[in-house]
Amino acid sequence: MPNGILDRLPDQLLPNLRLVFVGTAASTRSAALGHYYAHPGNRFWRAIHEAGITPRRYQPGEFASLLELGIGFTDLSKSGAGMDHQIEAETIDVPGFRAKIEKYRPRTMAFTSKKAASLFYGRPSSAISLGRQKAEGGLPDIFVLPSPSGAASGHWTLEPWRELAAWIGSQTG
């Protein structure tokens with residue numbers, strides 16, 4: 001499948017999930033393996049455990065089992081793959097993403113980079129803050145997290161991930 005990138009990383013969505021992680025697009029490695037956040041240098045799996053979102057550290061190949069915890073995954077581009085700056089603008093499908101959110105109605109969604117949030121909001125990354133965002137009618141609670149990608153290490157902090165963990169913990173009885 002090296003050249004058949006279309007929908008290589010299927011959505012992991014169910015109605016009323018407590019949390020959906022939203023990326024820009026699959027990395028080249030994630031697209032090749034079919035696992036979210038699959039690159040060994042990516043901090044995602046460590047971050048969600050250290051922040052308290054998951055009870056243990058999961059491996060990329062176990063991503064589908066997070067549905068049992070009420071956690072899902074999707075991306076703004078289902079046909080592109082690579083680093084954020086390599087994703088072609090025409091593969092970004094914000095209306096399609098919004099339709100998924102309306103259909104599945106997660107309680108909270110978290111963008112796993114400022115780039116993904118900037119594409120969703122239509123604002124430059126510099127105008128977007130990390131952490132919980134101002135509520136928007138009809139949308140779930142939204143968080144913006146620093147990218148767990150190894151390529152973004154200069155901007156890494158676990159604090160917004162911890163804020164997200166505390167928030168979803170307070171939302172579930």
Side-chain angles (χ1 to χ4, degrees), residues 7-27 30 34-38 42-80 84 87 91-123 125 128-149 158-173:
D7 267 6
R8 276 238 208 115
L9 208 47
D11 288 334
Q12 291 292 297
L13 297 171
L14 292 172
N16 304 309
L17 291 170
R18 66 187 182 115
L19 174 61
V20 171
F21 286 106
V22 184
T24 306
S27 70
S30 289
H35 303 155
Y36 282 87
Y37 306 99
N42 194 298
R43 295 177 190 83
F44 179 83
W45 298 102
R46 188 178 74 214
I48 62 173
H49 174 61
E50 288 178 7
I53 295 169
T54 58
R56 67 175 177 85
R57 184 167 173 182
Y58 286 77
Q59 297 301 311
E62 297 178 284
F63 72 91
S65 64
L66 269 70
L67 283 172
E68 297 165 13
L69 301 176
I71 298 172
F73 297 91
T74 190
D75 295 298
L76 295 177
S77 170
K78 296 310 289 180
S79 59
D84 281 357
I87 306 303
T91 71
I92 303 295
D93 183 9
V94 173
F97 168 72
R98 281 184 177 267
K100 286 180 213 177
I101 295 305
E102 287 173 22
K103 176 180 178 181
Y104 291 103
R105 299 207 161 295
R107 293 195 292 264
T108 303
M109 61 187 203
F111 290 103
T112 57
S113 70
K114 283 179 122 185
K115 176 65 174 181
S118 78
L119 291 165
F120 174 74
Y121 286 117
R123 297 195 305 256
S125 297
I128 294 173
S129 59
L130 293 173
R132 189 164 173 230
Q133 305 299 298
K134 189 173 152 261
E136 261 188 60
L139 289 173
D141 293 301
I142 298 175
F143 281 75
V144 176
L145 305 170
S147 173
S149 167
L158 191 60
E159 283 315 304
W161 296 78
R162 287 188 175 125
E163 180 189 351
L164 171 62
W167 174 257
I168 61 171
S170 74
Q171 300 303 301
T172 54

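Please read all numbers here as calculations on a predicted model, not as lab measurements.
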Trainee: Rounded to the nearest 0.5 Å, what's the gap from OG1 on T54 to CG on L19? Could you check?
Mentor: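 If I round to the nearest 0.5 Å, the distance is 10.5 Å.
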Trainee: Of all the heavy-atom pairs spanning Y36 and D11, show the shortest one and how long it is.
Mentor: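 Nearest pair, atom of Y36 first, then D11: OH-CA, 3.7 Å.
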Trainee: To the nearest 0.5 Å, what is the distance between OH (Y121) and CD1 (I142)?
Mentor: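 Answer rounded to 0.5 Å: 3.5 Å.
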Trainee: Mind listing the closest non-hydrogen atom pair of V20 and P106 along with its distance?
Mentor: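 For V20 and P106, the tightest heavy-atom pair comes out as CG2-CB, 3.6 Å.
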Trainee: Check whether any side-chain heavy atom of L69 sits under 4.5 Å from a side-chain heavy atom of P55, and report yes or no.
Mentor: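 Yes, at least one pair of side-chain atoms sits under 4.5 Å.
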Trainee: Tell me if a side-chain donor or acceptor on S77 pairs with a main-chain N or O of T91 at a distance below 3.5 Å.
Mentor: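 Pair found, side chain donor or acceptor close to backbone of T91.
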Trainee: Does the plane of the ring in F21 sit parallel, tilted or perpendicular to the ring in F44? Use 30° and 60° as the thresholds.
Mentor: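 Ring orientation of F21 relative to F44: perpendicular.
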Trainee: So, the side chain of R43 versus the backbone of S149: is there a donor-acceptor pair under 3.5 Å, distance only?
Mentor: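 The answer is yes, because a donor-acceptor pair under 3.5 Å joins these two groups.
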Trainee: With a cut-off of 6.0 Å (strictly less than), are more than 12 heavy atoms of other residues, nucleotides or ligands near CZ of R123?
Mentor: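 Atom CZ in R123 is crowded, with more than 12 foreign heavy atoms closer than 6.0 Å.
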Trainee: Would you find a donor on one side and an acceptor on the other, under 3.5 Å apart, between the side chain of K114 and the backbone of P146?
Mentor: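 Such a contact is absent between K114 side chain and P146 backbone.
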Trainee: Once side-chain contact (heavy atoms from CB on, under 4.5 Å) is applied, do any residues pair with L67, and if so which ones, sequence neighbours excluded?
Mentor: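 Applying side-chain contact (heavy atoms from CB on, under 4.5 Å) to L67 gives Q12, L14, L17.
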Trainee: Could you pull out the closest heavy-atom pair between A165 and G52, with the gap in Å?
Mentor: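 Closest heavy-atom pair between A165 and G52: CB-C, 4.1 Å.
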Trainee: For the residue pair A110 and L164, what are the closest heavy atoms and their distance?
Mentor: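 So the minimum-distance heavy-atom pair works out to CB-CD2, 3.8 Å.
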Trainee: For the pair V22 and F97, evaluate side-chain contact (heavy atoms from CB on, under 4.5 Å) and give the outcome as yes or no after the intermediate values.
Mentor: CA-CA 9 Å; V22 184; F97 168 72; 3.6 Å; yes
Trainee: Nearest 0.5 Å, please: how far is CZ in R57 from CZ in R46?
Mentor: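 It is 6.0 Å, given to the nearest 0.5 Å.
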Trainee: Rounded to the nearest 0.5 Å, what separates atom NZ in K100 from atom NZ in K78?
Mentor: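 Atom-to-atom, K100:NZ and K78:NZ are 5.5 Å apart.
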Trainee: Parallel, tilted or perpendicular for F73 and W45, by the 30°/60° rule?
Mentor: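 F73 vs W45 ring planes: tilted.
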Trainee: Output the distance between atom OG (S125) and atom CG (L119), rounded to the nearest 0.5 Å.
Mentor: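 Reported to 0.5 Å precision, the distance equals 7.5 Å.
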Trainee: Kindly indicate whether the side chain of F143, heavy atoms from C-beta on, has any atom under 4.5 Å from the side chain of I168.
Mentor: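 Side chain of F143 against side chain of I168, heavy atoms only: no contact under 4.5 Å found.
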Trainee: Could you tell me if the side chain of T108 sits less than 4.5 Å from the side chain of R18, heavy atoms only?
Mentor: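 No, their side chains stay 4.5 Å or more apart.
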Trainee: Judged by atom type as modelled, is there a donor-acceptor pair below 3.5 Å linking the side chain of Q133 to the main-chain atoms of G131?
Mentor: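 Yes; judged by distance alone, with no hydrogens or angles, the pair exists.
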Trainee: Given the rule in the side chain to side chain donor-acceptor pair (under 3.5 Å) test, do T112 and Y37 qualify, once you have shown the distances and angles that lead to the verdict?
Mentor: CA-CA 10 Å; T112 57; Y37 306 99; 2.8 Å; yes
Trainee: Considering all heavy atoms of both residues, which atom of V144 and which atom of A117 are nearest to each other, and what is their separation?
Mentor: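 Nearest heavy atoms, V144 then A117: CG2-CB, 3.6 Å.
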Trainee: Going by the rule side chain to side chain donor-acceptor pair (under 3.5 Å), which residues pair with R162 if we only count those two or more places apart in sequence or in a different chain?
Mentor: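 In terms of side chain to side chain donor-acceptor pair (under 3.5 Å), with neighbours along the sequence ignored, R162 is linked to E159.
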Trainee: Rounded at 0.5 Å granularity, tell me how far CD1 in I87 sits from CG in L76.
Mentor: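 So the gap between those two atoms works out to 10.5 Å.
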Trainee: Taking the side chain as every heavy atom from C-beta outward, state whether F120 and L139 have any atom pair closer than 4.5 Å.
Mentor: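 Of all side-chain heavy-atom pairs linking L139 with F120, at least one is under 4.5 Å.
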Trainee: Under 4.5 Å between any side-chain heavy atoms of T24 and I92, yes or no?
Mentor: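 The answer is yes, as the side chains (C-beta and beyond) meet within the 4.5 Å cut-off.
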Trainee: Any sub-3.5 Å donor-acceptor pair from S30's side-chain atoms to H35's backbone N or O?
Mentor: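 Such a contact is found between S30 side chain and H35 backbone.
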